[in-house]
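Residue numbers start from 1 in every chain, and the chains themselves are labelled A, B, ... in the order their sequence lines are given, proteins ahead of strands.
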Amino acid sequence: GEDVEQSLFLSVREGDSSVINCTYTDSSSTYLYWYKQEPGAGLQLLTYIFSNMDMKQDQRLTVLLNKKDKHLSLRIADTQTGDSAIYFCAESMMDSSYKLIFGSGTRLLVRP
Amino acid sequence: GAVVSQHPSRVICKSGTSVKIECRSLDFQATTMFWYRQFPKQSLMLMATSNEGSKATYEQGVEKDKFLINHASLTLSTLTVTSAHPEDSSFYICSAGLAGGTGELFFGEGSRLTVL
């Protein structure tokens with residue numbers, strides 16, 4: 001079945017790097033995504049990676065994909081207080097166009 | 001990027017009434033839109049897939065008679081919560097994808113429903 005898991009909480013100091021981890025079970029995933037949700041708001045797409053890639057970098061964000069272990073991570077360099085939010089990883093299935101399965105979300109708290 | 005707009009952003013209604021939430025793709029056409037529900041401090045749960053010009057596909061456990069979905073045009077999908085009860089209070093989020101795109105979904109801002 002489809003299952004995406006994340007740790008629930010991460011606290012880092014401002015200026016440090018944050019690493020948010022995600023594991024998934026379905027090996028037929030096509031794309032894997034990271035979304036950010038601020039309190040009371042919708043979701044903002046941060047970045048995504050195609051399943052045949054193992055790394056993608058976009059400014060302060062680095063996504064690493066270990067397809068063998070079905071492990072996805074998001075690294076935020078030089079974490080700022082404005083990065084405090086809930087981060088969701090999600091996978092889309094090759095057989096269902098755009099249908100996303102979300103993880104439970106990781107709440108990132110950035111301490112001054 | 002593409003913009004998806006939801007309306008209303010907040011709605012409070014009395015128990016037993018029906019509430020309609022709109023989801024619009026503002027600068028692109030979306031043959032498929034998705035409706036999610038999010039309980040406080042929880043993840044998003046996919047409720048249904050809304051297909052333009054045809055019936056919505058509901059996920060297991062979602063009552064189709066309770067959550068009516070209409071996708072009348074390529075830019076508009078509506079979710080109607082019928083005979084709302086306090087347990088329907090939640091944050092409802094829609095999303096839409098670009099046809100032929102990367103699979104990237106664009107999300108609305110969400111609609112917070114409170115049923116008294």
Legend entry - F39(B) ring center within less than 6.0 Å of F91(B) ring center: no
Legend entry - Per-residue contact mode, Q38(B) against chain A (heavy atom under 4.5 angstrom): side chain
Legend entry - Flag side-chain contact, heavy atom, 4.5 Å: V11(B) against T114(B): no
Inset, instruction - Could you please state which residues from residues 48-87 of chain B sit under 4.5 angstrom from chain A, measuring non-hydrogen atom to non-hydrogen atom, sorted by number, or 'none'? - result: E59(B)
Legend entry - Any donor-acceptor N or O pair under 3.5 Å, side chains Q6(B), S111(B): yes
Legend entry - Max heavy-atom pair count under 4.5 Å with chain B, selected residue of L43(A), L8(A), I86(A): L43(A)
Inset, instruction - Identify, with sequence neighbours excluded, every residue that meets ring pair (Phe, Tyr, Trp, His ring centres under 6.0 Å) alongside F9(A). - result: none
Inset, instruction - Heavy-atom distances under 4.5 Å only: say whether F88(A) touches chain B with side chain, backbone, both or neither. - result: side chain
Legend entry - Charged N-O contact under 4.0 Å between E38(A) and K36(A): yes
Legend entry - Heavy-atom side-chain contact between S9(B) and R112(B) under 4.5 Å: no
Inset, instruction - Start with the C-alpha distance between S11(A) and R111(A), add both sets of side-chain angles, then the distance that settles side chain to side chain donor-acceptor pair (under 3.5 Å), and finish with yes or no. - result: CA-CA 7 Å; S11(A) 177; R111(A) 309 186 307 273; 2.6 Å; yes
Legend entry - Pair Y33(A) and F102(A), ring centroids less than 6.0 Å apart: no
Legend entry - Toward chain A, the part of L44(B) with a non-hydrogen atom under 4.5 Å: both
Legend entry - Interface moiety of Q37(A) toward chain B, non-hydrogen atoms closer than 4.5 Å: side chain
